[in-house]
Amino acid sequence: MVADKGKKQKTGEPEEERNGADHVDGELVLSIEKLQEIQDELEKINEEASEKVLEVEQKYNEVRKPAYDRRNEVIKSIPDFWLTAFMSHPALSELLTEEDQKIFKYLSNLEVEDCKDVKSGYSITFHFKPNPFFEDAKLTKTFAFLEEGTTKITATSIKWKEGMGIPNGVVEEKKGNKRTHAEESFFSWFNDSLHNGDLDEIQDEQVAEIIKDDLWPNPLTYFNNDADEEEFEMDDDDDEDGSEDDEDQEDEEDEEVED
């Protein structure tokens, strides 16, 4: 009889453990379900907040427009304003070849305009005075945000005058960088294309976002050259630092060998 009781106790222990584990699993499932409900609620609130933010942004786009128009009129009276602002910008200055700079001397106005539905996209327009390079009075590039992350990018097809065209790049060596690279004209940026997360789209939108979100709100900062250059560290700087570190390491290894 005693032996039988011992057997029953031993066989009962795993069953109790299973019951305890089931209880813990059940509580965990309930907690996760409650957590998911709260996250769903937060998502809904965030969506409503985003809609409200867009409504406010659209409202103040209209409020800002007269001030932007007055600013543009004043800028027209300042020689080479946009060329100076571009060339003083640590990122945008690297996009202009010497020939591009000659064309930019005819740039009279720059405009960035959001679509009426802000989340649908925006356009950037360059206004030019009559010049010996192309017929167009303005060049526009538009970014339309479509479904599933696709961006449709359209641009003015430049009507170059006879004997003119996208300035040819030159191959040059950067200081502190052993590899050479070809300069590409800024005006090659004006190409119609449909992108879906590829490298070309990233490059297109990076340039556009710098103009839209950094240069356009306060170009006077760059015209006066008051900007913080550290904010726009370029990849080439990292490469230079890396190459210098490699050289230092090689020197140290050579010294150890000699010792």
Side-chain angles (χ1 to χ4, degrees), residues 58 61-89 91-118 120-145 151-169 183-195 200-201 203-224:
Q58 286 175 212
N61 278 345
E62 295 299 321
V63 174
R64 283 190 288 257
K65 193 173 187 314
Y68 280 138
D69 290 342
R70 293 197 305 274
R71 186 183 75 177
N72 285 338
E73 289 303 314
V74 175
I75 285 175
K76 287 178 181 178
S77 66
I78 303 174
D80 299 333
F81 179 89
W82 288 111
L83 172 60
T84 304
F86 260 75
M87 293 306 297
S88 298
H89 193 287
L92 296 175
S93 60
E94 296 190 359
L95 304 179
L96 299 186
T97 65
E98 290 186 9
E99 288 300 312
D100 291 339
Q101 292 173 43
K102 294 176 185 178
I103 299 175
F104 260 62
K105 293 182 76 68
Y106 293 90
L107 179 61
S108 62
N109 194 7
L110 176 68
E111 285 184 306
V112 176
E113 188 174 3
D114 284 306
C115 297
K116 289 185 178 180
D117 180 2
V118 175
S120 295
Y122 60 92
S123 64
I124 300 175
T125 302
F126 295 75
H127 295 263
F128 289 88
K129 294 178 287 188
N131 63 80
F133 301 98
F134 46 72
E135 302 289 348
D136 309 272
K138 64 179 182 179
L139 302 176
T140 300
K141 187 150 187 169
T142 302
F143 295 80
F145 305 138
T151 302
K152 183 179 181 182
I153 304 174
T154 57
T156 302
S157 180
I158 303 176
K159 299 175 183 176
W160 296 96
K161 291 184 176 180
E162 187 175 353
M164 297 295 174
I166 291 179
N168 292 324
E183 273 193 339
E184 185 178 12
S185 170
F186 175 79
F187 292 92
S188 63
W189 187 61
F190 289 92
N191 291 316
D192 292 354
S193 48
L194 179 66
H195 298 307
D200 289 336
E201 177 191 358
Q203 292 173 340
D204 268 351
E205 293 200 60
Q206 279 180 341
V207 174
E209 286 170 4
I210 290 172
I211 295 172
K212 176 179 181 288
D213 299 329
D214 188 61
L215 178 68
W216 170 249
N218 188 3
L220 189 59
T221 300
Y222 294 103
F223 181 81
N224 289 333

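What you see below is based on every heavy atom in this structure, not just the backbone, and it leaves out hydrogens, waters and symmetry mates. In this chain, residues are counted from 1 in sequence order.
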### Nearest-0.5 Å distance that lies between atom OG1 in Thr84 and atom CG in Leu220
11.5 Å
#### Entry: Student check: side-chain heavy atoms of Leu83 and Leu107 closer than 4.5 Å
no
### Inter-residue atom distance Ser157.OG - Leu139.CG, 0.5 Å rounding
10.0 Å
### Query
Do Leu95 and Trp189 touch side chain to side chain, with heavy atoms closer than 4.5 Å?
no
#### Entry: Within-4.5 Å side-chain heavy-atom neighbours: Tyr106 and Pro132
yes
### Query
Run the salt bridge (Lys or Arg N to Asp or Glu O under 4.0 Å) check on Glu209 and Lys212 step by step: do they pass?
CA-CA 5 Å; Glu209 286 170 4; Lys212 176 179 181 288; over 6 Å; no
#### Entry: Evaluation steps, side-chain contact (heavy atoms from CB on, under 4.5 Å), between Tyr222 and Trp82
CA-CA 9 Å; Tyr222 294 103; Trp82 288 111; over 6 Å; no
### Rounded distance (nearest 0.5 Å) linking atom OG1 of Thr97 with atom CG of Asp100
3.0 Å
### Query
How many angstroms lie between CZ in Phe104 and CG in Asn131, if you round to the nearest 0.5 Å?
12.0 Å
### Query
What's the verdict on side-chain contact (heavy atoms from CB on, under 4.5 Å) for Phe126 and Thr156, showing C-alpha distance, side-chain angles and the deciding distance?
CA-CA 10 Å; Phe126 295 75; Thr156 302; over 6 Å; no
### Task
Taking the side chain as every heavy atom from C-beta outward, state whether Met87 and Leu96 have any atom pair closer than 4.5 Å.
yes
### Message
Would you say CD of Glu113 has more than 12 non-hydrogen atoms from neighbouring residues, nucleotides or ligands within 6.0 angstrom?
### Response
no
### Message
Looking at every heavy atom in both Pro219 and Phe81, which two are closest together, and how far apart are they?
### Response
CB-CE2, 3.8 Å
### Task
Kindly state whether the ring of Phe190 and the ring of Phe134 have centres lying under 6.0 angstrom apart.
no
### Query
OH of Tyr122 to CG of Asp114: how many Å apart, nearest 0.5 Å?
9.0 Å
### Message
Checking the side chain of Asp136 only, and the main-chain atoms of Ile158 only, is there a donor and an acceptor separated by less than 3.5 Å?
### Response
no
### Query
Can you tell if the side chain of Phe133 reaches within under 4.5 Å of the side chain of Lys102, non-hydrogen atoms only?
yes
### Message
I'd like to check Val207 versus Phe186 (side-chain heavy atoms, cut-off strictly below 4.5 Å). Are they in contact?
### Response
yes
### Query
Are any of the side-chain nitrogens in Arg70 or Glu73 under 4.0 Å away from the carboxylate oxygens of its partner?
no
### Query
Once the angle between the rings of Phe187 and Phe128 is folded into 0 to 90°, is it parallel (under 30°), tilted (30 to 60°) or perpendicular (over 60°)?
tilted
### Task
Please round to the nearest 0.5 Å and tell me the distance separating atom CD1 of Ile210 and atom CG of Leu215.
9.5 Å
### Side-chain H-bond candidate by donor/acceptor type, Asn72 with His127, under 3.5 Å
no
### Query
Checking side-chain contact (heavy atoms from CB on, under 4.5 Å) for the pair Ile124/Leu110: CA distance, chi angles, key distance, verdict?
CA-CA 7 Å; Ile124 300 175; Leu110 176 68; 3.9 Å; yes
### Lys138, NZ atom: more than 12 neighbouring heavy atoms under 6.0 Å
no
